[in-house]
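Since the structure comes first, as structure tokens, the remarks are kept for the end.
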Amino acid sequence: MTHGWRAMLLWSAAALVVAATALSFVLWGLNGPAYLVDLIAAYCL
């Protein structure tokens, strides 16, 4: 039973990484690199 939960957690993490990567490419395509740089700067500063 534990193995099933670990596999599901791993797949969930992988899906989250893929979704974040896809979102970053969509934002890059729509607004260019300046939007992502501004977004990262807003969260880090």
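For this chain, numbers begin at 1 and follow the sequence in order.
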*asked:* In the structure I gave you, are the side-chain heavy atoms of Leu39 and Tyr43 within less than 4.5 Å of one another anywhere?
replied: yes

For residues 18-25, which side-chain donor-acceptor pairs fall under 3.5 Å, sequence neighbours excluded?
residue	atom	partner	partner atom	Å
Thr21	OG1	Val17	O	2.8
Ser24	OG	Thr21	O	2.7

_Does any part of the side chain of Met8, heavy atoms only, come nearer than 4.5 Å to the side chain of Trp5, both counted from C-beta?_
yes

